[in-house]
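Data block below; observations after.
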Amino acid sequence: MSVTGGKPLHCLSFDVEEHFQVSAFWSEARRQQWDKYESRVENNTRKLVELLAQHDTKATFFVLGWVAERYPDLVKALANQGHEIASHGYGHELVTTQSPEQFRDDVRKAKSILEGLTGSPVWGYRAPSFSITAESQWALAILVEEGYRYDSSMYDRFQRSENARGSNRIVQIDTTAGRIWEISPSTLNVCGFQVPVAGGGYFRLFPYATSKTLLQRLEKQGVKLVMYLHPWEIDPEQPRMGGPWISQFRHYLNLQKTQERLSRLLTDFRFGPMRDIVCPVSVMYQEKDLLVAVTEK
Ligand SMILES: [Zn+2]
């Protein structure tokens, strides 16, 4: 664990998508209307970037290909400010509802769009709603084949585990196509159950003092925290979507409190992008040179 600056370095990430693209409100009919809804992702992401700058913090942004096509300057600005650009796929469809061929097309298209904008290799992937599960682990080999170096899509929340440190893992997984890093969002083992403490709706559900206590407990165990949030989670003014009450409750809970909580989180803990934590700097630069060489041919 890095202790530069006196505090351990943890992973912070954002899934850059519109408020109407979340899986909880997904329907095929709504998917056809995406271009007609009010877009709020650019403003919300720029607010996040300002907040990160105030705390001198860099993060990983898993950008949806659909968003990158519409806001290329946003992606370029994130990269220019030193944040890591990673892939959230193109169309925000669950891995579990895609065929391997559809999944390959989706992650290839997103990677190509993002790399075309930044000129740097995209190494990371996060599936919509953490949908790489035991049943869809075939996706990992495809990610390796498509040039991804790490995945952050496996989230063992509420599963049973005997491991006292929870399901926290930054590990290499062997696939039929080669190795890939898996960086799972943090959970805390409470009575044998993996309680999610890493962000999103759980970060909005708990009072900040509770989140801080749970995260500090993990930190003391030597666990590298892996946190995630979405730009729409700092936007209490977003238009309300129709859907099941449980989805509405989870999506709209405490939106007005997230920004202030995130600010406190950035004060109390030290974060960086996933790429820097997983991969040595020397390898990063070699890769960048390779990409330039390939592009210039
Ligand atoms: Zn998403």
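Counting starts at 1 for both ligands and their atoms, following the listed order. Residue numbers run from 1 in the order of the sequence given. We use all heavy atoms of the structure for the numbers below, so side chains are in, but hydrogens, waters and symmetry mates are not.
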>> Could you walk me through whether Arg70 and Asp35 satisfy the salt bridge (Lys or Arg N to Asp or Glu O under 4.0 Å) test, starting with their C-alpha distance in whole Å, then the side-chain angles of each, then the deciding distance to 0.1 Å, before giving a yes or no?
In response: CA-CA 10 Å; Arg70 283 154 182 81; Asp35 272 315; 3.1 Å; yes
>> At a cut-off of 2.8 Å, what protein N/O/S atoms sit near the Zn ion (ligand 1)?
In response: Glu17 OE1, His88 NE2, His92 NE2
> What pairs meet the salt bridge (charged side-chain N to carboxylate O under 4.0 Å, His left out) rule with one or both residues in residues 100-112, with sequence neighbours excluded?
Replying inline: Arg104-Glu145, Arg104-Glu146, Arg108-Glu146, Lys111-Glu115
> Would you find more than 12 non-hydrogen atoms of other residues, nucleotides or ligands less than 6.0 Å from Phe249 atom CZ?
Replying inline: no
> Checking salt bridge (Lys or Arg N to Asp or Glu O under 4.0 Å) for the pair Arg46/Glu50: CA distance, chi angles, key distance, verdict?
Replying inline: CA-CA 6 Å; Arg46 289 194 187 276; Glu50 264 175 46; over 6 Å; no
> Cluster question for you: counting only ILVMFWY and a side-chain heavy-atom cut-off of under 4.5 Å, with indirect links fine, are Trp138 and Leu94 together?
Replying inline: no
>> Do Arg31 and Trp34 form a cation-pi contact, if we require the NZ or CZ to be under 6.0 Å from the six-membered ring centre and within 45 degrees of the ring's axis?
In response: yes
